[in-house]
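What follows is a single structure, written as structure tokens, with notes after it.
Values below: all heavy atoms of this structure, side chains included; hydrogens, waters and symmetry mates excluded. All values derive from a computational prediction rather than experimental measurement. Letters A, B, ... mirror the listed sequences (proteins, then strands); counts begin at 1.
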Protein chains: 2
Amino acid sequence: MTSKPNVRQPSHVACRDCSLSSLCLPLALSLQDIDQLDRIIKRGRPLKKGEHLFLEGDPFTSVFAVRSGAIKTYTATNEGEEQITSFYLPSEILGLSGMDTDVYPVSAQAMETTMICEIPFDQLETLSDRFPELRRHMMRLMSKKIREDQQMMMLLSKKNADERIATFLINLASRFRRRGFSSQSFRLSMSRNEMGNYLGLAVETVSRVFTRFQKNGLIYAVGKEIEIRDPVQLCSLAGGKSVDLEQIISSA
Amino acid sequence: MTSKPNVRQPSHVACRDCSLSSLCLPLALSLQDIDQLDRIIKRGRPLKKGEHLFLEGDPFTSVFAVRSGAIKTYTATNEGEEQITSFYLPSEILGLSGMDTDVYPVSAQAMETTMICEIPFDQLETLSDRFPELRRHMMRLMSKKIREDQQMMMLLSKKNADERIATFLINLASRFRRRGFSSQSFRLSMSRNEMGNYLGLAVETVSRVFTRFQKNGLIYAVGKEIEIRDPVQLCSLAGGKSVDLEQIISSA
DNA sequence: ATACGACTTTGAGGCCACTCAATGACGTCC
DNA sequence: GGACGTCATTGAGTGGCCTCAAAGTCGTAT
């Protein structure tokens with residue numbers, strides 16, 4: 001499997017030294033407070049592609065931050081097929097939706113080799129009692145998730161295939177940009193199948209739209225490598241009032 | 001405007017005397033604690049059908065509990081149409097999704113005459129500092145909302161018209177049941193149009209499915225009055241693993 | 001009682017995305 | 001290096017839901 005050498009990356013980086021800390025932690029925490037948080041974080045071995053972080057129904061114990069790689073969460077439909085509910089990129093936090101049921105309502109699986117910071121929830125709650133800012137941060141995270149899910153519902157109920165894929169690409173671009181990477185050229189961590197599953201489209205439709213976008217000069221795609229050639233038009237296709245869109249355009 | 005006498009209902013009922021308190025408040029709060037919460041709650045005049053509780057973009061100041069009536073939240077699509085994001089029935093809490101943006105991301109409108117308890121958020125946060133249980137309750141609420149939204153995403157991306165409407169009816173029934181009302185016979189507070197909008201279907205499709213369900217003896221519907229005739233089959237159509245379904249069946 | 005508007009129902013026709021099927025490209029393992 | 005499995009692409013045909021249109025029903029106001 002791993003005949004290639006691993007990307008060189010220390011497996012234990014303290015929060016205060018982590019390049020993602022400004023994205024995943026509340027800004028108001030002092031260095032001292034961060035060290036306290038740091039102490040409760042568990043950093044496991046890297047997950048290989050296909051390995052699970054947790055399974056649907058597992059007891060809810062922790063929330064997780066992605067350090068590198070990519071995670072998808074999914075649940076099983078009645079017919080036993082998988083329905084992907086979210087993709088998580090580095091600096092993003094997952095697992096919060098299990099909080100009120102004491103079990104994870106979805107499974108979480110690595111889409112590529114992935115490093116994770118695990119934050120035991122009971123300790124996080126204890127810490128939250130002392131740092132109101134940490135608590136507000138978590139509530140903001142959940143509030144944000146709710147808004148994002150509602151954007152997704154809008155996409156699923158009102159947008160056609162072209163608009164869905166344009167929206168998805170713009171959204172990914174915006175998330176890469178936020179982490180300091182290029183928003184015009186990046187690598188998709190998911191297959192066409194997974195993309196279609198997430199967007200409520202058949203694989204074939206995803207493929208056709210990609211081909212059409214490429215013919216029209218909107219994107220240039222080779223396999224999982226994507227280059228956004230016409231961000232303005234792609235954004236206008238994606239529609240939406242999200243500030244993301246303007247940021248992408250402005251960075252073009 | 002108000003030629004009709006108002007529905008007789010005291011406009012100021014303390015939380016400890018409210019029949020919905022066991023649904024909307026954390027159980028662990030003592031009577032004394034509840035009285036503290038009670039003191040910060042603002043109870044305004046009833047909203048008439050069509051009146052807004054808040055508008056998309058309004059500054060986020062409060063969360064709200066529905067005491068009676070029904071509220072819908074919606075946002076505007078790019079083309080300026082309305083996209084309904086949720087329906088709220090008595091005892092349910094809305095407004096939490098505005099927390100991380102400082103403005104409400106949706107508009108909230110009364111679908112019928114509605115009474116509301118308003119909870120100023122800054123005071124709620126202050127109170128939360130003292131009562132960890134209250135805080136956890138709010139986080140659980142948000143966590144639950146996330147799970148519900150993900151069920152909705154599943155509905156929108158995988159279910160056909162029949163399944164969507166069956167799911168919707170079963171879900172409503174379950175919510176009525178939870179409040180002690182009949183889960184087999186109730187009144188829809190939304191129009192066919194609003195239902196279709198929410199479920200990602202055209203009005204005509206909703207109407208056709210209702211007609212078909214009625215022909216097949218699944219439901220009996222006259223206008224907004226609904227009777228569920230065959231809960232077992234309706235549940236099986238709705239699919240899903242939700243415990244709601246079993247509860248409805250068992251109460252049939 | 002009547003008239004009006006809003007909502008609902010029903011029908012006819014068309015389109016978008018799905019399904020099925022086959023081929024092509026890629027990466028992996030002997 | 002060749003064979004295999006997985007993934008992606010492309011084409012043909014179908015079907016579910018949407019759109020457009022019209023008639024029917026309900027509630028409300030005058």
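For A:Gln150, the side chain to side chain contact (heavy atoms under 4.5 Å, CB included) partners at least two apart in sequence or on another chain are A:Ile146, A:Met153, B:Thr85, B:Ser86, B:Val106, B:Lys145, B:Asp149.
Regarding contacts with the backbone of C:dC7, every side-chain N or O of B:Lys224 stays at 4.0 angstrom or more from both OP1 and OP2.
The distance from atom CG of B:Leu156 to atom P of D:dC18 is 12 Å, rounded to the nearest whole Å. Distance, A:Glu81 CD to C:dC18 C1': 13 Å, rounded to whole Å. When the C1' atom of C:dT8 is taken as reference, atom CE of B:Met195 falls 11 Å away, rounded to whole Å. Atom CZ in B:Arg164 sits roughly 8 Å away from atom P in D:dC17 (whole-Å rounding). In this structure, B:Leu201 atom CG and D:dG16 atom C1' are separated by 11 Å, rounded to whole Å.
If you check every strand for non-hydrogen atoms under 4.0 Å, A:Gly196 touches nothing.
In summary, the aromatic rings of A:Phe60 and A:Phe54 are positioned with their centroids too far apart to meet the 6.0 Å limit.
Between B:Tyr74 and the options B:Gln83, B:Gln109, B:Glu56, a side-chain contact (heavy atoms from CB on, under 4.5 Å) holds for only B:Gln109. Under the side-chain contact (heavy atoms from CB on, under 4.5 Å) test applied with A:Lys72, the options A:Phe87, A:Tyr198, A:Tyr88 reduce to a single match, A:Phe87.
Shown for residues 185-192 of chain B: no residue has heavy atoms falling under 4.0 angstrom of DNA chain D. Of all the residues in residues 203-222 of chain B, B:Glu204, B:Thr205, B:Arg208 reach under 4.0 Å from DNA chain D with at least one non-hydrogen atom.
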* To do: Apply side-chain contact (heavy atoms from CB on, under 4.5 Å) to the pair A:Leu201 and A:Arg164, showing each step before the final yes or no.
  => CA-CA 9 Å; A:Leu201 297 171; A:Arg164 289 184 199 197; 4.2 Å; yes

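You'll find the side chain of B:Met195 reaches within 4.5 Å of the side chain of B:Phe210, heavy atoms only.
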